[in-house]
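Only one structure is covered here, and it is reproduced in the block below.
Residue numbering restarts at 1 for every chain, and letters A, B, ... go by the order of the sequence lines. For clarity, every value in this text was computed on a predicted model and none was experimentally measured. Values below: every heavy atom of this structure, side chains too, minus hydrogens, waters and symmetry copies.
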There are 2 protein chains.
Amino acid sequence: MKLPELIISIIKTQRCEYIFGVPGDYNLRFLDYIVKDKQLSWVGNCNELNAGYAADGYARENGFGVLVTTHGVGELSAANAVAGAFSEDVPLLQIVGYPKQSILNLDLPVHHTLANSNKNNFIQSYKPLCCAISLLNEHNYCYEISRVIQEILIQKKPGYIGLPVDLVDLDITNMCNEIEINPYYFTQKVSTSILNNIQKKIIKSKKPVLLIGEDIKKFNWINSVLSFINTVGIPFASALSAKAVISENHPLFVGMYAGQYNLEGRAKIFNSDCIITIGTKDTDFTTGGFSESQIDLKNVIQIRHDYIKISNTIYPSNLDVNDLLERLGSKLSQRTITHEDIKKCKVKRVGFNLQKKLEQNTFWAYISSHIIKDNDIIVADTGTSVFGLLDEYLPQKINFYSQLLWASIGYSLPASLGFALANKNKRILLFIGDGAFQLTGQELSSIKKVNANIIIFLICNEGYTVERAIHGPYEAYNDISAWDYEMFARSLGFSYVYKVNSLQCLEKINMKSHQSEPVLIQCFFDKMDIPSLLKEVTDNLKK
Amino acid sequence: MKLPELIISIIKTQRCEYIFGVPGDYNLRFLDYIVKDKQLSWVGNCNELNAGYAADGYARENGFGVLVTTHGVGELSAANAVAGAFSEDVPLLQIVGYPKQSILNLDLPVHHTLANSNKNNFIQSYKPLCCAISLLNEHNYCYEISRVIQEILIQKKPGYIGLPVDLVDLDITNMCNEIEINPYYFTQKVSTSILNNIQKKIIKSKKPVLLIGEDIKKFNWINSVLSFINTVGIPFASALSAKAVISENHPLFVGMYAGQYNLEGRAKIFNSDCIITIGTKDTDFTTGGFSESQIDLKNVIQIRHDYIKISNTIYPSNLDVNDLLERLGSKLSQRTITHEDIKKCKVKRVGFNLQKKLEQNTFWAYISSHIIKDNDIIVADTGTSVFGLLDEYLPQKINFYSQLLWASIGYSLPASLGFALANKNKRILLFIGDGAFQLTGQELSSIKKVNANIIIFLICNEGYTVERAIHGPYEAYNDISAWDYEMFARSLGFSYVYKVNSLQCLEKINMKSHQSEPVLIQCFFDKMDIPSLLKEVTDNLKK
Ligand SMILES: Cc1ncc(C[n+]2csc(CCOP(=O)(O)OP(=O)(O)O)c2C)c(N)n1
Ligand SMILES: Cc1ncc(C[n+]2csc(CCOP(=O)(O)OP(=O)(O)O)c2C)c(N)n1
């Protein structure tokens, strides 16, 4: 048995079927083991950033993803993708092909190095971007492989393994050739006194409400949260970063909440006298620019993986949130809570003007009510797309993906390849601006190569509209080069390309019949047209 | 006067007219100062890696280049480009837009951060990739701006300035608002005794020869080297990394040298009893895989910026090489040295078969003798292109660019945009493989936008031929997606696109008349067809 087989066997325990990356002479012989493995497929991407994004998308859907790059030139090209995975808690393993050990040990100035006698240069660069990093050798490989993968799975952050090209030949038949991964971490049950405390606060309150955050997904609390909601009958709102994590057509869902930002059908949780947050992370965007001022903090119970905060008192803890919710639920189950004044005003939109030129104002409402269906995967790039979609109610069982914190434009297109490969039964609707598209657009060719089930809505508005809304609306730096996107997509193998000026045009496109081919739909908007949520956000950024 | 104006005034002292990058909300207000400056033009690129490559190309031609990115997502996307500039000694300044200082000081989890309370994350990542880094504030800006730019110019390496968005408003009218940059570094004249030593060794020898390396360009020794050659009449060879730095039709030029690698018309310097190297850096590729064994080290005099080595003795020094060459030249001027057995056997190629299918074997000879003209800028990507071209004699006054050490594929295309903007009077011939093209090909649209005078030869051989030569000739990981490159180029605005199967087709293309438009020429080769130098290199890599 050779070392690569050990690495691959562990990757397979994480249900990985697709590996992303770009070859290089330092990793070619490792790739041999991937292509000859019957359960694995190698997805060669156009470049390493795109490969990193695709692996990130795959990891978000699958729970683990793998990216293979080559030393220096390859790995550094993927740095932004890996940092994004760190920022947004994605369990991603990057395997980097290194020069052979005799060269590393002498720190020789070989190709793809900085020629300054430091084999650790790029490991240094990756330190802040990974939860665990290792350069393997024949002595450490057993311990280090398990350490890195374990950390990735526990922390849900990227990790890095450097594999010198000669180690590919290492025969481990009579050495450590089996590793069990057990991503265990210690949690503790909340004390009865704290639990009573929480219970009392809720019972005493007139209008308790739950605010769910993205960590309920990261830490697998979704089911407990859902049964808590159902048992107690408590209304819940969702932070922007937890969009659709629990279906938005749940009868107790009261809307999205983002601090001062006014959302369509916004959850009015600030009216509540008891707000219980679960797994929220407060970033500029999810808090309306850190604008919690409308909320009286003494009414807040904050439940996180690392502490509970009741009013102003913090109780640090490796909290077993599932247990807490179950115990709390059973104590509260008698009561059903409803109160009109935090209930959402569900906007009923009828009568779209189908002939009219597309407008951001109605487009997203139409998309969410007429185009998006139950079980779809929705992907929004950073641009008017995400601001438009966040503000709409989505059907049930939607996986909604957007980099709300890292917000790297162009991410969503290669990431959709990853979503598609991790979930072949679902339809993926991708919404991306023309500016963002220009960063990573060539990856259409990989999407076509595997005929991923992706419908791409290209928001054509002649440049960086989000930026125009922030600063310099008519400045040249917010313009982009003119592309013929239809011709571009066709040059990369797309057969189904449409141009859409009105909802009527959109209605005519059959979005079911192309299951075996990806589709690109260009949607044309005025370059100064922005969704209302974006206006709020940018007004705030200007402050 | 505002802080950005100070930064821009210093940039302009370095003759910069074009600034490359991608906007982001943390840098938009700095960009205002660029677009409103009459002597500067903003070149928005499709993405940050491409922008970094373009700025690197501009810096190589101009002596200084500037890249502007945004925090996190932007800067990290350019990491590979900046590392390449470090590896290959390119004076490049990256200006990164940062969040405002009040946010930085509280380490708030805003967009484009890792949300882990460390404003220095990306500075950490950039540490190994830059010679100087600074995050500006109102106290340090004067000292830090001069320090970073000074280091860039002295070390010819990239530097990094972080500019918090609120500092753009800093009024410096009554503060430090002028900085003089004086990239001085101390050099010392060689002692008479060492000089005599060198002189004696050369006089005693029967077949002295000079080997020039890339550092004669970096440190401005070219003129001294040239007059030394002319005064003494000594034959000279060139390391691969100094290709065409001194015109190859110089009568005393004896060819390229790369250790054991057999080059067409290779300089047989190992026959010499006195090899004087000037400014060579020994990397795997330039030394034939560290294969100096054919050379007797006691015959070598090594002249570098940091030491002189005579036989086996090293004399460390901040060497004033220009002075050394001048003094040495005047001592030796009496003698003219020629000797047949290290003289190049200049290959006369006549009678190309014009009808035949293109073959790597003859293509590069044809290109160098029939297509490339005096004063052209030649750019070769890492692939069969660079191996093909290195092995041919080029006309005079050629600037030859290729990343021989960093070797990041896709680099050459955006870099050519930089070369073109830094030197509008020259024609640029770019040779790039289809694999490399897929990494950065969208930057054609920026090339078209400015109508750069670039003729692109796209080497179409269905994938990563260099890699096939190294390992896995028929493996799927060396294939690439099928693109219609003609349609691709047209979709990005190219009007002149040709397909070429034989030299005859090539002959028919007028390469002068398109001065106002870039041109793409697809050249089709068999996927296993490789130039002979590549065969040598890959045979060696396999060892
Ligand atoms: C990699 C990266 N570079 C730059 C930015 C800064 N940025 C944020 S939004 C945006 C414009 C997006 O424009 P587009 O994709 O066309 O969407 P639109 O708002 O026009 O719908 C830019 C440049 C970023 N977020 N990520
Ligand atoms: C950014 C980057 N990723 C990967 C590599 C590894 N690599 C070196 S050469 C090469 C193939 C180049 O193929 P192509 O550009 O088609 O040129 P050809 O040899 O076919 O002419 C690859 C993938 C690299 N050098 N740089």
Practice item. Name the option with the most non-hydrogen atom pairs under 4.5 Å to chain B; the candidates are A:His471, A:Glu486, A:Gln438, A:Arg490. Key: A:His471
Exercise for review: Report the option among B:Ala489, B:Ser446, B:Ala79, B:Ala407 that has the most heavy-atom pairs separated by less than 4.5 Å from atoms of chain A.
Suggested key: B:Ala407
Review point. Using a cut-off of under 4.5 Å for heavy-atom pairs, which of B:Leu31, B:Asn47, B:Leu439 has the most such pairs with chain A?
Key: B:Leu439
Study note, to complete from the structure: Per-residue tally against chain B (heavy atom, under 4.5 Å) across A:Arg29, A:Lys127, A:Gln124 peaks at A:Arg29
Review point. Is it the side chain or the backbone of A:Glu467 that comes within 4.5 Å of chain B heavy atoms, both, or neither?
Key: both
Check your understanding: Which atoms of B:Val22 come close to chain A, meaning under 4.5 Å heavy atom to heavy atom: side chain ones, backbone ones, both, or neither?
Key -> side chain
Revision key, fill the gap. Highest number of heavy-atom pairs under 4.5 Å with chain B among A:Ala115, A:Ser77, A:Ala81, A:Gly410 belongs to A:Ser77
Check your understanding: Are a donor atom and an acceptor atom from the side chains of A:Gln442 and B:Gln442 found within less than 3.5 Å of each other?
Key -> yes
Review point. Among A:Gly441, A:Ser445, A:Ala78, A:Gly493, who wins on heavy-atom pairs under 4.5 Å with chain B?
Key: A:Ser445
Check your understanding: Is the B:Phe437 to B:Phe488 ring centre distance short of 6.0 Å?
Key -> yes
Exercise for review: Would you check, one step at a time, whether the test side-chain contact (heavy atoms from CB on, under 4.5 Å) holds for A:Leu534 with A:Val466?
Suggested key: CA-CA 8 Å; A:Leu534 174 56; A:Val466 162; 4.0 Å; yes
Exercise for review: With a 4.5 angstrom heavy-atom cut-off, could you sort out which part of A:Trp42 is near chain B: side chain, backbone, both or neither?
Suggested key: side chain
Practice item. Sort and list the pairs that fulfil salt bridge (Lys or Arg N to Asp or Glu O under 4.0 Å) and have at least one residue in residues 70-81 of chain B, not counting sequence neighbours. Key: none
Revision key, fill the gap. If one checks every heavy atom of B:Phe285 against chain A at 4.5 Å, the contacting part turns out to be neither
Check your understanding: Applying the side-chain hydrogen bond (donor to acceptor under 3.5 Å, both in side chains) test to A:His111, which of B:Thr283, B:Asp284, B:Thr382 qualifies?
Key -> B:Asp284
Practice item. Identify, with sequence neighbours excluded, every residue that meets ring pair (Phe, Tyr, Trp, His ring centres under 6.0 Å) alongside A:Phe30. Key: none
Check your understanding: Between A:Phe86 and A:Lys157, is there a cation-pi geometry (under 6.0 Å to ring centre, at most 45° from the normal)?
Key -> yes
Exercise for review: Could you go through the side-chain contact (heavy atoms from CB on, under 4.5 Å) check for B:Glu214 and B:Leu405 one step at a time?
Suggested key: CA-CA 11 Å; B:Glu214 69 265 48; B:Leu405 176 58; over 6 Å; no
**Study point:** Most contacts with chain A, counted as non-hydrogen pairs under 4.5 angstrom, among B:Tyr464, B:Tyr485, B:Trp483, B:Tyr477
**Key:** B:Tyr477
Review point. Does A:Asp89 reach the side chain of A:Lys281, with side-chain heavy atoms less than 4.5 Å apart?
Key: yes
Review point. Is chain A contacted by the side chain of B:Thr440, its backbone, both, or neither, given a heavy-atom distance below 4.5 Å?
Key: backbone
Check your understanding: Tell me, side chain or backbone of B:Asn50 under 4.5 Å from chain A's heavy atoms, or both, or neither?
Key -> neither
Review point. With respect to chain A, which residue among B:Val73, B:Asp484, B:Leu129, B:Ile103 yields the maximal number of heavy-atom pairs within a distance under 4.5 Å?
Key: B:Val73
Review point. Does a side-chain N-to-carboxylate-O contact under 4.0 Å join A:Asp169 and A:Lys100?
Key: no
**Study point:** Residue, of B:Gly435, B:Gly24, B:Ala476, that accumulates the most heavy atom pairs under 4.5 Å with chain A
**Key:** B:Gly24
Point to revise | Check: A:Tyr53/A:Asn80 side-chain N/O donor and acceptor closer than 3.5 Å | key: yes
Review point. Taking A:Leu49, A:Val35, A:Thr113 one by one, which has the highest count of heavy-atom pairs under 4.5 Å against chain B?
Key: A:Thr113
Check your understanding: Between A:Asn118 and A:Asp107, does any side-chain donor sit less than 3.5 Å from a side-chain acceptor?
Key -> no
Point to revise | Structural part of A:Asp479 lying under 4.5 Å from a heavy atom of chain B | key: neither
Revision key, fill the gap. From the list A:Asp32, A:Asn478, A:Ile480, the residue making the most non-hydrogen contacts under 4.5 Å with chain B is A:Asp32
Point to revise | Residue selection (most heavy-atom pairs with chain A, distance under 4.5 Å) from B:Leu114, B:Asn45, B:Val43 | key: B:Leu114
